[in-house]
Colleague: 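Input: one structure, supplied below.
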Amino acid sequence: MDSVKQQIETLREALNRHNYNYYVLNQPEISDKEFDMLLKELEKLERDHPEFDDPLSPTHRVGSDLTKGFVQVLHERPMLSLGNTYSVEEVDEFVDRARGGLDGEKVQIVGELKFDGTSISLLYEDGRLVQAVTRGDGVRGDVVTANVLTIRSIPTQLIGEGWPRRFEIRGEIVMPWKEFERLNDERKRAGEPLFANPRNAASGTLKMQNPAEVARRGLDAYLYYLLGDELPFDNHYDNMQAARSWGFKVPEAMRVMDTIEEVDAFIQRWDVERRELPVAIDGLVFKVNSLRQQLNLGYTAKSPRWAIAYKFQAERALTPLRFVSFEVGRTGVITPVANLEPVLLSGTIVKRASLHNDDIIRSLDIHEGDHLYVEKGGEIIPKITGVDLGARQPDSRPVEFIKVCPACGSELVRVPGEAAIVCPNTYGCPPQIIGRIEHYVGRRMMDIDGIGDETAAMLYERGLVKTPADLYRLRVEDLMHLEGLGQKSAERIIAGVEASKRAPLERVIFALSIPYVGETVAKRLAKSCRSIPALMSMDAEALTAIDDIGPRIAASIIDFFGVESNREIVAQLADAGVTMELEESASGLPESNALEGKTIVISGTFLHHSRDEYKEMIELNGGKNAGSISKKTSFVLAGDNMGPAKLEKAQKLGVAIVTEDEFLAMLPQV
């Protein structure tokens, strides 16, 4: 038995070392296949000998999907924010102030990259990771250890020697550009909202309840500060180099500087080189190196006096406009797009940027062949912010908004009172038809796997799918010989089409592409009307009597079902077996009008039901879910560990706090 235990420990040590070589040093010693073989060997030994299980084993880094809500804990040392500046001169003044505050002592400054992610505090005892906590409000944060265990650049067992028995190390959880773009591509194909930037993606991922999904998203981590009572050195830089030797991913860019000139050169260097990094940074951080000097300089109420963050200006580039194209959306809105000479911004190549509408083109006074200023500032969506008038050719002409649809030739019309210009050929314009098919199959609608934008367009162009109802007439043999599809892909699509027949009523209503009927409105309509035939027969008075349904939405619904082809599509969907009526809640949750007219915010973790179940209960009983507290909030449903910011705001606004048991008592018993 001892030999088995030794074998397990040897494999764990080897796998931890190879993880470090691959994810931190970027110098793998073995192939992915060899790594997987070692991992499988360890998995088998641990499965056969569960008495030797270890929660920090490399086999657990893929994440489990059993995690419940997060527990909050107090930070042993507050996680303060840094003072910010966008001015090189103010960084120089910070260095001078530090020297003045130390009576002219020699001061070394450490320059570092400021990673654009989400802050994390890691606690280690006897060389093992025991807890990972988010920054939270700086005083307390969420324990996210299960999710952090999936990040392979964070060591669970330290290597080397010389670490304190107990210490804390802080850093930033980030999502590399490559993973960010992959994730947004997936979300786009699924019809889900895109993340605005890698920071939002990293933050949202770290707070997910499913570590298995966290593991799939490819988070990374950079560590930048060591805290403890028995640190190996009396200065920040050497402590971080020691941390590197223990297995932590400490940025190579960290530099010790003796003069202001070196500090300024560091800023100039990274203002250029940041564009080549695999992760987003939004600035630099400068710290006094000596821990004794840090202690003497102390803190203000909000931030340390021994550190400052220099923020880069939003990235801006000047690039020639090649041409403006006009694209037709699902609802017929025409969007002008600036097609640019490719330019590198925030780690990605920008070739296109939306100009949104004719009013924007006119306000920017864009001419053909202009040189345009484009910004990203860390955001994924580039924005045109100006024109270099000095580079404009004297004979250039203003960009004119088109008069007819580029896809079908119909004369365009402007929506009264809005900036939108639309193609009125709703049921004959190919991009609008394809857009409605793409929308129908999206994840939050009918969730038909295997049909993305390109496949939807191909199905339309081949004459196989002209309306969503045509999807239910597809056969495997229709699809398996199409470009990019084989038998397995075809079978997956047909299986997805079949499964979509069981989608709940609210998703069917959302999938129909009724103008102004989004996900939330579709839920309201489903609950109130209870069937699509009933919805089709309602007049404006009946529709506007429903919560959140105003005259514009009501008119849109009536107009939509007033079109014979739409009524025919609904009939065909019904014949195919698609859900047309509201099914009784399969969850067995209570249903009534007990919460009619109430707006409710949920916060904390719960004992009797999950947060999703409570959200469903609120809707089943006539209430409305809200994400943030305002004067319109009826009450907060509060579980354990309610967020301190929400608690403070509720108290400030006089919003009632309702416990889990009090909430359940409001509802009919099941």
Side-chain angles (χ1 to χ4, degrees), residues 191 193-194 321-340 352-370 372-375 381-387 389 392 396-440 453 457 460 467 510-522 540 543-544 548-566 569:
L194 302 186
L321 170 68
R322 294 175 58 225
F323 61 92
V324 174
S325 58
F326 294 86
E327 301 183 357
V328 188
R330 169 173 63 94
T331 59
V333 174
I334 309 296
T335 301
V337 177
N339 292 262
L340 310 165
R352 291 157 50 88
S354 173
L355 291 168
H356 302 292
N357 54 55
D358 188 36
D359 291 352
I360 297 294
I361 293 175
R362 292 179 182 277
S363 66
L364 290 170
D365 187 28
I366 296 174
H367 283 47
E368 295 172 356
D370 271 349
L372 303 182
Y373 288 105
V374 57
E375 288 186 6
I381 301 173
K383 178 182 179 182
I384 302 298
T385 58
V387 178
L389 296 177
R392 177 175 288 170
S396 68
R397 298 164 55 187
V399 170
E400 295 287 343
F401 207 95
I402 55 175
K403 305 296 184 187
V404 299
C405 175
C408 70
S410 300
E411 187 172 342
L412 302 178
V413 297
R414 186 160 189 149
V415 178
E418 297 183 15
I421 294 175
V422 302
C423 169
N425 185 18
T426 305
Y427 303 105
C429 181
Q432 295 187 58
I433 298 169
I434 294 169
R436 288 194 292 273
I437 296 168
E438 292 171 356
H439 177 76
Y440 186 87
D453 296 357
Y460 173 79
T467 75
F510 183 28
L512 289 176
S513 287
I514 305 171
Y516 307 120
V517 175
E519 194 169 8
T520 301
V521 170
L543 286 167
T544 53
D548 296 329
I549 308 300
R552 184 172 73 166
I553 296 176
S556 177
I557 294 168
I558 292 168
D559 289 346
F560 181 85
F561 288 118
V563 176
E564 180 57 35
S565 61
N566 288 335
I569 288 169

Colleague: How long is the span from the CD1 atom in Ile384 to the CG atom in Leu355, to the nearest 0.5 Å?
Modeller: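 Here the rounded value is 6.0 Å.
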Colleague: Please name all residues satisfying side chain to side chain donor-acceptor pair (under 3.5 Å) with Ser396, sequence neighbours left out, ordered by chain then number.
Modeller: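 None.
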Colleague: Any chance you could measure Ile421, atom CD1, to Asp358, atom CG, to the nearest 0.5 Å?
Modeller: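 Interatomic distance, Ile421 CD1 to Asp358 CG, rounded to 0.5 Å: 4.5 Å.
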Colleague: What is the distance from atom OH of Tyr460 to atom CD of Glu438, rounded to the nearest 0.5 Å?
Modeller: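 Between atom OH of Tyr460 and atom CD of Glu438 there are 12.5 Å.
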Colleague: How would you list, by chain and number, every residue that makes a ring-ring contact (aromatic ring centres under 6.0 Å, His included) with Phe510, sequence neighbours excluded?
Modeller: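 With neighbours one apart ignored, the set is His439.
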Colleague: Any idea which heavy atoms bring Cys423 and Cys408 closest together, and the distance?
Modeller: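 For Cys423 and Cys408, the tightest heavy-atom pair comes out as SG-SG, 3.6 Å.
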Colleague: Leu321 pairs by side-chain contact (heavy atoms from CB on, under 4.5 Å) with which of Leu372, Val374, Val387?
Modeller: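 Running side-chain contact (heavy atoms from CB on, under 4.5 Å) over Leu372, Val374, Val387 with Leu321 returns exactly one hit, Leu372.
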Colleague: What pair of heavy atoms forms the shortest contact from Pro336 to Val324, and how long is it?
Modeller: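 Of all heavy-atom pairs spanning Pro336 and Val324, the closest is CB-CG1, 4.1 Å.
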Colleague: Please list, chain by chain and in numerical order, all residues satisfying side chain to side chain contact (heavy atoms under 4.5 Å, CB included) with Thr467, sequence neighbours excluded.
Modeller: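 Checked Thr467 against side chain to side chain contact (heavy atoms under 4.5 Å, CB included); matches are Ala469, Asp470, Ile569, Gln572.
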Colleague: Listed by chain and number, what are the side chain to side chain contact (heavy atoms under 4.5 Å, CB included) partners of Asn357, not counting sequence neighbours?
Modeller: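 In terms of side chain to side chain contact (heavy atoms under 4.5 Å, CB included), with neighbours along the sequence ignored, Asn357 is linked to Asp359, Ile360, Ala419.
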Colleague: Is there any salt bridge (charged side-chain N to carboxylate O under 4.0 Å, His left out) pair reaching into residues 423-433, and which pairs are they, with sequence neighbours excluded?
Modeller: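 Sorted result for residues 423-433: empty, none.
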Colleague: Which heavy atom of Val404 sits nearest to which heavy atom of Gly409, and what is that distance?
Modeller: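 Distance-wise, the nearest heavy atoms are CB-O, 3.8 Å.
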Colleague: Go through the structure and list residues passing side chain to side chain donor-acceptor pair (under 3.5 Å) with Tyr427, not counting sequence neighbours.
Modeller: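 Side chain to side chain donor-acceptor pair (under 3.5 Å) list for Tyr427, sorted by chain: Asn566.
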Colleague: Counting N and O atoms only, with roles assigned by atom type, does the side chain of Arg414 sit under 3.5 Å from a partner on the main chain of Glu418, one being a donor and the other an acceptor?
Modeller: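 The answer is yes, because a donor-acceptor pair under 3.5 Å joins these two groups.
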Colleague: Restricting to side chain to side chain donor-acceptor pair (under 3.5 Å), what partner residues turn up for Arg392, sequence neighbours left out?
Modeller: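 Arg392 satisfies side chain to side chain donor-acceptor pair (under 3.5 Å) with Asp365, His367, Asp370 only.
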Colleague: Can I get a per-line list of side-chain donor-acceptor pairs under 3.5 Å for residues 512-519, giving both atom names and the distance, sequence neighbours left out?
Modeller:
from	atom 1	to	atom 2	distance (Å)
Ser513	OG	Arg330	NH1	3.0
Glu519	OE1	Arg444	NE	3.1
Glu519	OE1	Arg444	NH2	3.3

Colleague: According to side chain to side chain contact (heavy atoms under 4.5 Å, CB included), who are the partners of Ala407, at least two apart in sequence or on a separate chain?
Modeller: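 Residues passing side chain to side chain contact (heavy atoms under 4.5 Å, CB included) with Ala407: Val328, Cys405, Cys429, Pro431.
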Colleague: Can you tell me if CZ on Arg362 sees more than 12 non-hydrogen neighbours from other groups inside 6.0 Å?
Modeller: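 Open: at most 12 neighbouring heavy atoms sit under 6.0 Å from CZ of Arg362.
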Colleague: Sequence neighbours excluded, which residues qualify as side chain to side chain contact (heavy atoms under 4.5 Å, CB included) partners of Val337?
Modeller: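 Checked Val337 against side chain to side chain contact (heavy atoms under 4.5 Å, CB included); matches are Ser325, Glu327, Thr335, Asn339, Arg352.
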Colleague: Considering residues at least two apart in sequence or located in another chain, which fulfil the ring-ring contact (aromatic ring centres under 6.0 Å, His included) criterion with Phe326?
Modeller: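 Listed in chain order: Phe401.
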Colleague: Under the rule for ring-ring contact (aromatic ring centres under 6.0 Å, His included), what residues qualify as partners of Phe561, not counting sequence neighbours?
Modeller: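 For Phe561 there are no ring-ring contact (aromatic ring centres under 6.0 Å, His included) partners, ignoring immediate neighbours.
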Colleague: Just do the side-chain contact (heavy atoms from CB on, under 4.5 Å) check on Val422 and Gln432 with the steps written out, would you?
Modeller: CA-CA 11 Å; Val422 302; Gln432 295 187 58; over 6 Å; no
